[in-house]
Amino acid sequence: QEQIYRQVVKAAPESAVLRVMDIGSDKPVKYLPFPREANPSMGFRSIRFALSRPDVLIPQMRAMIRAADEGNVKVIFPMVSTPKELAALDTLWKKLLDEVRPKNAPEWGIMVEVPSAIFMMDQIAKYTKNISLGTNDLLQFFYGIDRTNERLSELAHPLCIPFLSLLLYTVATAKSEGIRVGICGEMAGDPVGFLALLGLGIDEFSMRPRAVKTIKNLIPQIKVREITPFVHELLSSDDHQDVRREFKRAFPRIFPTHEGA
């Protein structure tokens with residue numbers, strides 16, 4: 001594990017984010033069979049599983065901490081939903097730092113994928129100043145849907161006023177506690193999604209490699225001082241407007257192919 005993580009950090013020494021195992025539900029692995037559950041997306045998965053198996057979690061954390069000697073690293077723990085989990089992770093982290101004594105100790109943070117985490121920012125701030133919004137899971141828990149169910153695909157879309165309002169509240173609450181906010185999910189790879197997130201105040205973005213070129217070409221055309229007030233005005237409107245349409249209408253220089261209203 002350590003060798004692989006070192007290769008990853010060497011490839012992106014200025015900023016590498018390593019996520020601790022996020023398995024279960026729609027991410028099964030053959031070498032760690034999970035029992036069948038009626039609702040696996042809300043079941044025994046991600047950090048819930050990892051904390052129950054220190055024999056699996058600790059070697060991975062140790063390898064990540066050692067690999068941090070190669071560059072600037074943040075280690076992210078997925079699906080943290082209670083203060084008890086935060087405390088358990090902090091205890092493990094301090095123990096491993098004391099054991100490994102790395103030359104370049106990495107920071108750690110958590111994925112905010114469960115609504116409960118949004119309402120414990122004061123607790124999160126006691127342990128870390130880094131969070132990453134996992135928009136894929138957060139969206140499904142927010143709407144109470146299974147995002148793998150094709151019949152619910154119209155609901156499983158982040159560009160809607162209620163979900164964007166949730167993200168705005170989350171970012172504002174986190175920043176009031178001095179927490180830096182990143183994004184992890186499909187949303188950042190969509191040009192309109194990227195602009196919406198930028199206007200919400202997101203600090204760091206992650207996306208699929210195939211989306212990087214598109215977003216990179218978009219950046220020189222963006223003026224944050226225009227995007228931010230537009231997003232806030234859109235979310236304060238009484239009408240639940242079509243977010244994608246409104247962005248294209250408001251910024252024709254960015255979306256020149258948009259025709260009319």
Side-chain angles (χ1 to χ4, degrees), residues 1-23 46-51 54 56-114 116-138 167 170-185 188 197-198 200-207:
Q1 289 189 75
E2 181 182 339
Q3 275 189 327
I4 293 171
Y5 294 138
R6 283 185 181 275
Q7 290 173 13
V8 171
V9 179
K10 284 179 180 178
E14 292 183 2
S15 179
V17 179
L18 305 177
R19 181 161 61 169
V20 171
M21 67 181 75
D22 185 8
I23 57 177
S46 298
I47 203 63
R48 299 165 183 174
F49 165 80
L51 285 172
V56 177
L57 176 61
I58 289 176
Q60 186 182 35
M61 289 174 62
R62 185 184 293 119
M64 289 177 171
I65 290 171
R66 287 173 173 163
D69 286 343
E70 305 292 345
N72 181 29
V73 170
K74 275 191 293 197
V75 175
I76 297 289
F77 295 94
M79 208 176 172
V80 174
S81 59
T82 69
K84 185 178 179 181
E85 290 168 342
L86 281 168
L89 290 171
D90 187 61
T91 298
L92 270 179
W93 187 260
K94 289 175 178 175
K95 180 181 177 182
L96 287 171
L97 284 183
D98 189 57
E99 173 194 318
V100 175
R101 297 187 180 280
K103 291 183 296 183
N104 186 28
E107 297 180 348
W108 69 276
I110 69 164
M111 296 284 293
V112 172
E113 302 170 279
V114 182
S116 63
I118 295 171
F119 300 97
M120 59 184 210
M121 288 296 170
D122 57 333
Q123 295 295 309
I124 293 170
K126 292 178 181 179
Y127 300 102
T128 177
K129 297 298 184 181
N130 296 289
I131 65 169
S132 183
L133 305 182
T135 54
N136 295 346
D137 266 329
L138 189 58
L167 296 185
T170 305
V171 173
T173 306
K175 292 198 170 187
S176 72
E177 296 288 347
I179 297 172
R180 188 171 176 83
V181 185
I183 198 81
C184 179
L197 292 168
L198 189 67
L200 293 173
I202 298 296
D203 299 303
E204 296 179 353
F205 300 82
S206 70
M207 61 196 70

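With 3.5 Å as the limit, one finds no donor-acceptor pair spanning the side chains of Glu70 and Tyr5.
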Give the intermediate values and the outcome of side chain to side chain contact (heavy atoms under 4.5 Å, CB included) for residues Ile76 and Leu18.
CA-CA 6 Å; Ile76 297 289; Leu18 305 177; over 6 Å; no
For a side chain to side chain contact (heavy atoms under 4.5 Å, CB included) check, start with the C-alpha distance between Lys84 and Leu89, then their side-chain angles and the critical distance, and finish with the verdict.
CA-CA 9 Å; Lys84 185 178 179 181; Leu89 290 171; over 6 Å; no
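The shortest distance between side-chain heavy atoms of Met121 and Ile131 falls below 4.5 Å. Counting heavy atoms from C-beta on, the side chains of Ile124 and Glu177 never come closer than 4.5 Å. Side-chain atoms of Val75 and Ile65, non-hydrogen and from C-beta on, never get closer than 4.5 Å to each other. Between Met111 and Asp22, the closest side-chain pair of non-hydrogen atoms is not below 4.5 Å. Ile118 is listed as a side-chain neighbour of Leu138, based on a closest heavy-atom distance under 4.5 Å. Looking at Asp203 and Lys175, their side chains come closer than 4.5 Å, going by heavy atoms from C-beta outward. Contact check for Ile58 versus Leu92: side-chain heavy atoms found under the 4.5 Å cut-off. In this structure, Leu197 and Phe205 have side chains that are in contact, with non-hydrogen atoms separated by less than 4.5 Å.
Taken from OG1 in Thr173 to CE in Met120, the straight-line distance is 13.0 Å, to the nearest 0.5 Å. With rounding to the nearest 0.5 Å, the separation of CG in Leu167 from CD1 in Ile202 is 6.5 Å.
Contact detail for Gly109 and Thr128: the closest heavy-atom pair is CA-OG1, 3.5 Å. Scanning both residues, Met207 and Ala188, for their nearest heavy atoms gives CE-O, 3.6 Å. Taking every heavy atom of both residues into account, Val73 and Ala68 meet most closely at CG2-CA, 3.7 Å. Contact between Leu97 and Pro102 at its shortest, heavy atoms only, is O-CD, 3.8 Å. The shortest heavy-atom contact between Ile110 and Leu86 is CG2-CD2, 4.0 Å. Considering every non-hydrogen atom in both Ile47 and Pro78, the closest pair reads CB-O, 3.1 Å.
Between the side chain of Asp90 and the backbone N or O of Tyr127, no donor-acceptor pair lies under 3.5 Å. Glu85 places a side-chain N or O within donor-acceptor distance of the main-chain N or O of Thr82, the cut-off being under 3.5 Å. No donor-acceptor distance shorter than 3.5 angstrom exists from the side chain of Glu113 to the backbone of Leu133, with no hydrogens or angles considered. Not a single donor-acceptor pair under 3.5 Å links the side chain of Ser46 to the backbone N or O of Arg48.
Legend: residues meeting salt bridge (charged side-chain N to carboxylate O under 4.0 Å, His left out) with Glu204, ordered by chain and number and at least two apart, are Lys74, Arg180.
For Lys95, the NZ atom is loosely surrounded, since the number of other residues' heavy atoms within 6.0 Å does not exceed 12. Environment of CD in Glu107: sparse, with no more than 12 heavy atoms of neighbouring residues, nucleotides or ligands closer than 6.0 Å.
A salt bridge links Arg101 and Asp98; the closest N-O separation between the charged side-chain nitrogens and carboxylate oxygens is under 4.0 Å. Between Glu2 and Arg6 there is a salt bridge, since at least one side-chain N of the basic residue sits less than 4.0 Å from a carboxylate O of the acidic one.
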Would you mind writing out the side-chain donor-acceptor pairs for residues 7-17 within the sub-3.5 Å range, not counting sequence neighbours?
none

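Between Phe77 and Trp108, the ring-plane angle classifies as perpendicular under the 30° and 60° cut-offs.
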